[in-house]
Amino acid sequence: MERINNTIGDVGSKWNPWAQKLSRGFNQVKQYAQEKMGNVEDITKLPQEYLDLEASVDKIRELHEFLLKVTKNYTRNTHDYDQSLGESFYDTATKVSEKISSKPESTPKSPTTPISQGHAISKICLDTANSILASKDESDPFGVALKKISNSYERIGEAKVAEDNAVVEFFWKPFNTTLNSSIAFAMKARKNVSSARLNYDACKKKLKNAKIEYVDNARNEMETAEGEFVKAVEDAMAKMKIVIESSEPLKNLNSFIEAQLEYHKIVYEILSELSPEINELELNNEAMLREKALSNQ
């Protein structure tokens with residue numbers, strides 16, 4: 001086998017870069033296989049600083065991959081409610097409300113295709129309110145309450161869309177860009193280190209076992225491989241430091257938090273206004289029903 005390696009290396013040095021690349025690839029594969037089988041003891045160790053950088057970059061990469069996965073829904077409309085209900089659900093609900101009013105819908109219905117949970121709640125409440133109020137007094141507590149709920153949840157829906165847009169523009173897209181640029185560059189550089197290290201160790205072994213007539217060529221190959229290995233390590237460390245020292249991830253995470261905070265503040269304000277009004281209408285409705293029950297006795 002060693003004779004074959006020497007022959008390939010000698011031919012590669014005389015032929016062309018393609019043959020040299022073939023020889024290098026053959027040596028790397030052989031070295032990798034021998035290491036996996038435990039047949040190699042002299043394996044070049046990477047600097048501890050390099051290993052520490054690797055561990056840190058891996059954690060940052062995992063963070064990006066996980067958060068992008070669990071927040072991907074923000075990139076899709078209607079992600080916060082079950083869209084599988086479809087328009088048929090809202091059409092059916094509207095027909096039911098028409099039956100409650102005892103006559104066909106005469107007032108305009110709200111736009112179709114809700115783009116958020118808030119818009120979906122707003123639509124069904126408005127359609128039902130229009131049907132109820134068309135057949136009753138316009139001051140009917142239930143119908144009035146549904147209209148107020150509809151108006152409030154329309155605003156909540158708009159706030160949700162604004163939150164989604166902010167999360168996508170200032171968190172998801174930049175986070176994804178970082179994963180596919182600086183982190184990807186660092187990972188590629190690490191692969192180059194692995195390849196260069198295998199080649200370097202293979203060349204060292206080749207020099208150690210070379211016959212006298214092949215020693216000079218083997219030494220030249222080993223020195224070249226050593227230089228490539230050192231250069232690859234330095235390049236990978238530089239790229240990994242860029243990942244670790246970047247302020248972008250924290251900036252993006254802060255944007256994500258701010259978008260959520262703004263949305264929940266708006267929702268709190270809207271529901272804080274709505275809740276007392278609905279509570280009052282509930283009390284009025286109960287009083288009206290009691291009065292009606294007494295009059296029927």
Side-chain angles (χ1 to χ4, degrees), residues 21 24-25 28-29 31-32 35-36 43-80 115-117 158-202 224-268:
K21 187 175 181 181
R24 174 172 176 158
Q28 289 176 7
V29 170
Q31 179 72 19
Y32 178 80
E35 288 180 9
K36 285 296 182 180
I43 298 176
T44 300
K45 293 183 179 180
L46 291 162
Q48 186 59 46
E49 182 184 4
Y50 179 93
L51 298 176
D52 292 341
L53 288 170
E54 271 193 326
S56 296
V57 169
D58 282 342
K59 290 298 182 183
I60 293 173
R61 175 179 56 82
E62 290 169 4
L63 172 73
H64 278 70
E65 290 175 343
F66 181 82
L67 290 182
L68 285 169
K69 182 177 180 180
V70 299
T71 59
K72 188 174 180 62
N73 278 347
Y74 282 96
T75 66
R76 307 187 185 102
N77 285 336
T78 71
H79 71 84
D80 59 341
I115 58 175
S116 74
Q117 183 189 70
E158 292 301 317
K160 180 59 181 172
V161 171
E163 180 206 13
D164 291 354
N165 291 338
V167 168
V168 170
E169 290 300 317
F170 302 110
F171 167 72
W172 204 90
K173 286 183 177 179
F175 232 55
N176 191 51
T177 296
T178 297
L179 178 64
N180 291 296
S181 56
S182 59
I183 294 177
F185 298 153
M187 299 304 293
K188 183 177 180 180
R190 284 166 53 175
K191 288 184 178 180
N192 291 340
V193 169
S194 179
S195 175
R197 201 275 304 162
L198 285 170
N199 186 57
Y200 176 45
D201 284 350
T224 299
E226 182 181 21
E228 292 175 349
F229 172 62
V230 172
K231 183 178 179 181
V233 170
E234 291 174 347
D235 179 61
M237 289 179 68
K239 285 182 168 62
M240 288 192 287
K241 286 179 180 178
I242 290 175
V243 173
I244 294 171
E245 296 171 1
S246 173
S247 62
E248 278 299 299
L250 187 54
K251 176 184 176 182
N252 302 151
L253 285 167
N254 187 44
S255 296
F256 176 65
I257 293 168
E258 288 179 344
Q260 286 202 316
L261 176 61
E262 181 63 19
Y263 168 68
H264 289 293
K265 281 172 60 178
I266 292 173
V267 171
Y268 174 80

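- Taking both residues in full, the closest heavy atoms of Q260 and Y74 are given as NE2-OH, 2.9 Å, listed atom of the first, atom of the second, then distance.
- Counting heavy atoms from C-beta on, the side chains of E49 and K241 come closer than 4.5 Å.
- Once rounded to the nearest 0.5 Å, the distance linking OG of S56 with CG of L51 reads 11.0 Å.
- A donor-acceptor pair shorter than 3.5 Å cannot be found between the side chains of D80 and S116.
- Looking at I43 and R197, their side chains come closer than 4.5 Å, going by heavy atoms from C-beta outward.
- Contact check for F256 versus T71: side-chain heavy atoms found under the 4.5 Å cut-off.
- In this structure, L261 CG and I257 CD1 are separated by 9.0 Å, a value rounded to the nearest 0.5 Å.
- Between H64 and P249 the shortest side-chain heavy-atom distance falls below 4.5 Å.
- The CD1 atom of I183 sits 10.5 Å away from the CD1 atom of I244 when rounded to the nearest 0.5 Å.
- In terms of heavy-atom proximity, R61 sits nearest to M187 at NE-CE, 3.7 Å.
- No donor-acceptor distance shorter than 3.5 angstrom exists from the side chain of S246 to the backbone of V243, with no hydrogens or angles considered.
- Taking both residues in full, the closest heavy atoms of F175 and L67 are given as CE2-CD1, 3.9 Å, listed atom of the first, atom of the second, then distance.
- Residues K173 and T75 have side chains not in contact (no heavy-atom distance under 4.5 Å, counting atoms from C-beta outward).
- The environment of F170 atom CZ is sparse: at most 12 non-hydrogen atoms of other residues, nucleotides or ligands sit within 6.0 angstrom.
- Counting heavy atoms from C-beta on, the side chains of V168 and R76 never come closer than 4.5 Å.
- The two residues A189 and A236 come nearest to each other via the heavy atoms CB-CA, 3.6 Å.
- Note that NZ of K160 and CD1 of I266 are 12.0 Å apart. Values are rounded to the nearest 0.5 Å.
- For the pair N180 (side chain) and N176 (backbone), a donor-acceptor distance under 3.5 Å is present.
- K251 has its side chain within reach of E248: a pair of non-hydrogen atoms, C-beta onward, lies under 4.5 Å apart.
- Interatomic distance, CZ of F185 versus OG1 of T178, reported as 11.0 Å (0.5 Å rounding).
- Y200 meets the ring-ring contact (aromatic ring centres under 6.0 Å, His included) test with F229; sequence neighbours excluded.
- Considering only heavy atoms from C-beta on, E163 stays 4.5 Å or farther from E262 through its side chain.
- Side-chain N or O atoms of N199 include none that pairs as donor or acceptor with a backbone N or O of S195 at under 3.5 Å.
- In this structure a side-chain-to-backbone donor-acceptor pair under 3.5 Å is missing from S194 to R190.
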Report the C-alpha distance between K59 and L63 in whole Å, list the side-chain angles of each, state the deciding distance to 0.1 Å, and finish with yes or no for side-chain contact (heavy atoms from CB on, under 4.5 Å).
CA-CA 6 Å; K59 290 298 182 183; L63 172 73; over 6 Å; no

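- Atom CG of D164 sits about 7.5 Å away from atom CG of N77, to the nearest 0.5 Å.
- Using a 4.0 Å cut-off between charged nitrogen and carboxylate oxygen, E65 and K69 do not count as a salt-bridge pair.
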